[in-house]
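Can you read through this structure? Questions will come right after.
Throughout, numbering of the chain's residues begins at 1 and tracks the sequence. Atoms within a ligand are numbered from 1 in the order they appear, just like the ligands themselves.
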Amino acid sequence: MRVGVVGLGYVGLPTALLMADAGHDVVGVDLVKEKIEMINQGKTPIKEKGVQELLERVGKKLRATTEYSELSGCDAIVVCVPTPVKNRKMDASYLLSAFESIGKIAKSGQLIIVESTVTPGTTLNLIKPLLEKISGLSVGEDIQLAYVPERAIPGNALYEMIHNPRIVGVMDRSMEGVIKHLYSFVKGDFYITDVTTAEFVKVIENTYRDVNIALANELAHLAEKLGINVYEAINLANKHPRVNIHQPGIGVGGHCIPVDPWFLVEVDNSVKLIPTAREINDSMPLKAIETLLAHDVKKVTIFGVAYKPDVDDVRESPSLKVKELAEKNGMEVRIYDPIVFHDVDIESSVKGSQAIVIATAHSAFKDIEWDRISEMMEEPKLLFDGRGFFSTPPEGFKFYGIGRGDVM
Ligand code: SAJ
């Protein structure tokens with residue numbers, strides 16, 4: 001098939017590459033010129049395992065451009081533009097501007113697929129009328145519209161795009177065959193449903209995770225009161241065959257889990273559990289700040305600025321919130337993250353610091369000689385473990401850990 005992929009970011013670029021690798025002829029559209037140039041020169045603009053190698057392998061089967069007009073000859077167009085959250089609602093500006101451009105070049109017989117995460121109802125209530133108005137074509141008769149959410153985890157995106165099951169939301173069941181052909185690189189099963197259910201499924205997956213983490217964070221608070229270790233307790237509770245409590249921590253980052261629950265609240269803001277969970281998770285960085293202030297810390301080093309271990313992605317990272325709050329309270333803040341900043345050495349990051357906050361549990365932190373770090377620091381040598389990184393606190397520090405009532 002001739003395929004157009006709109007938005008060449010963390011979802012769009014791997015998708016375009018996998019489609020090209022499966023034999024489709026792919027044109028990728030993005031507004032950022034530098035990105036287009038890099039892709040056409042065979043250099044990946046995103047850091048994601050295996051993407052550079054795949055880009056080299058597909059060669060000319062993927063061509064990138066800033067021009068929507070190049071999509072007019074495509075059989076299918078897949079839209080992967082970002083949908084951030086603004087004031088607890090979906091910011092549809094990128095999506096709407098993409099569809100205004102697509103509307104101008106859309107042709108009868110095309111299949112248009114939305115992959116971006118959206119507030120349930122968006123495809124039918126916002127995109128369909130806009131597309132019909134601008135193109136003058138009728139959705140369902142002249143052109144087909146479907147919603148096929150991505151589910152790949154950053155850091156292992158290519159593997160998950162290939163192996164995860166896919167939800168396919170269609171207005172017309174006869175589209176199933178052509179969509180399976182388009183996504184022929186997917187080894188997981190396909191589950192066909194209607195468009196709004198597919199939109200809903202995508203956001204409830206991430207909301208499940210957010211609410212579950214909020215529960216873990218509340219349990220951490222209770223464990224501190226009881227003088228026990230929440231990680232041990234959760235691990236033991238999870239031995240029950242029907243219990244799967246997530247891990248507590250200093251906050252929930254990334255561009256999906258802290259964002260998507262608001263798309264459900266947007267459907268009806270009288271819901272209570274989902275926004276409460278968001279607020280609990282968003283309040284977690286404060287726990288570190290309260291501990292630092294209680295010990296009159298003026299100089300702190302944050303270990304890890306990425307939103308999760310072993311990635312270099314800092315979007316919506318709770319570490320940045322810790323930094324902002326610490327600075328607001330007059331503290332001098334340094335960051336040590338060997339994955340995000342390759343040229344920072346640990347000595348210059350911790351020398352003279354009075355406290356360390358572990359905000360991301362990078363694997364590289366396992367090799368640190370903590371007694372040496374303690375020697376370089378100033379009193380009170382506080383170590384705040386925001387990620388359950390230490391099962392036994394190292395010597396030479398005043399230790400605090402989220403949910404670690406057993407050692408605080
Ligand atoms: N976190 C916790 N406790 C946990 C698990 C995660 O505090 O038990 C925190 C992490 O530290 C991180 C944040 O949550 O800051 C999010 O990390 P994550 O690994 O849970 O998820 P993401 O944002 O990298 O990717 C999610 C995935 N969704 C689900 O697992 C349901 C991925 O499959 C989605 O494709 C992706 O969102 C997306 O694009 O929607």
Give me the nearest non-hydrogen protein atom to atom 38 (C) of ligand 1 as residue plus atom name, then the distance to 0.1 Å.
Cys256 SG, 2.8 Å

Atom 19 (O) of ligand 1: the protein heavy-atom neighbour that sits closest, reported with distance to 0.1 Å:
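Among all protein heavy atoms, the one nearest atom 19 (O) of ligand 1 is Lys308 NZ, 3.5 Å.
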
If you scan protein heavy atoms around atom 39 (O) of ligand 1, the nearest is Glu150 OE2, 2.6 Å

Between the side chains of Asn156 and Glu160, is a donor N or O closer than 3.5 angstrom to an acceptor N or O?
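Judged by distance alone, the side chains do not pair up.
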
Where ligand 1 meets Pro154 - atom numbers and elements under 4.0 angstrom, heavy-atom basis:
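Heavy-atom distances to Pro154 below 4.0 Å select 24 (O), 25 (O).
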
Just which atoms of ligand 1 are under 4.0 Å from any heavy atom in His246?
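This gives 8 (O) as the contact atoms.
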
Below 4.0 Å from any atom of ligand 1, is there a heavy atom belonging to Gly253?
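Yes; Gly253 lies near enough to ligand 1 that a heavy-atom distance drops under 4.0 Å.
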
Any idea which of Asn164, Ile204, Val252, Asn281 brings a heavy atom closest to atom 14 (O) of ligand 1?
Val252

Whether the side chain of Gln52 engages the backbone of Thr44 through a donor-acceptor N/O pair (distance < 3.5 Å, no angle test) should be reported.
yes

Ring-ring centroid check Phe399 Trp370, cutoff 6.0 Å:
no

Less than 3.5 Å between some nitrogen or oxygen of Ala152 and one of ligand 1, yes or no?
yes

How about Tyr208 and His246: are their ring centres within less than 6.0 Å of each other?
yes

If you round to the nearest 0.5 Å, how far is CG of Leu145 from OG1 of Thr123?
6.0 Å

I'd like to know if the side chain of Thr301 and the backbone of Ser349 have a donor-acceptor N/O pair within less than 3.5 Å.
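Here the side-chain-to-backbone pair exists.
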
Nearest non-hydrogen partners of Ala326 and Val333, listed with the distance:
CB-CG2, 3.6 Å

Side-chain touch Tyr191/Asp189, heavy atoms, less than 4.5 angstrom:
yes

Scanning both residues in full, the closest heavy-atom pair of Asn217 with Pro248 reads OD1-CA, 3.1 Å

Compute the minimum heavy-atom distance from Ile257 to ligand 1 and say whether it is under 4.0 Å.
yes

Is the shortest N/O to N/O distance between Gln247 and ligand 1 below 3.5 Å?
yes

What part of Pro258, side chain, backbone, both or neither, has a heavy atom within less than 4.0 angstrom of ligand 1?
neither

Is Lys328 salt-bridged to Glu324, going by a charged N under 4.0 Å from an acidic O?
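A salt bridge is present here (some side-chain N lies under 4.0 Å from a carboxylate O).
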
Return the closest protein heavy atom for atom 30 (O) of ligand 1 as residue, atom name and distance.
Arg209 CD, 3.4 Å

If you scan protein heavy atoms around atom 28 (N) of ligand 1, the nearest is Asn206 OD1, 2.8 Å

Quick check: do Trp262 and Arg278 have side-chain heavy atoms less than 4.5 Å from each other?
yes

Determine, considering heavy atoms only, which of Met161, Arg151, Lys202 sits nearest to atom 40 (O) of ligand 1.
Lys202

Counting non-hydrogen protein atoms only, what is the nearest one to atom 11 (O) of ligand 1? Give residue, atom name and distance.
Arg387 NH1, 3.3 Å

Write out the residue and atom name of the closest protein heavy atom to atom 10 (C) of ligand 1, then the distance separating them to 0.1 Å.
Tyr307 O, 4.0 Å

How far is atom 6 (C) of ligand 1 from the closest protein heavy atom, and which atom is that?
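Answer for atom 6 (C) of ligand 1: Ile213 CD1, 3.6 Å.
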
Has ligand 1 got any nitrogen or oxygen that is less than 3.5 angstrom from a nitrogen or oxygen of Glu160?
no

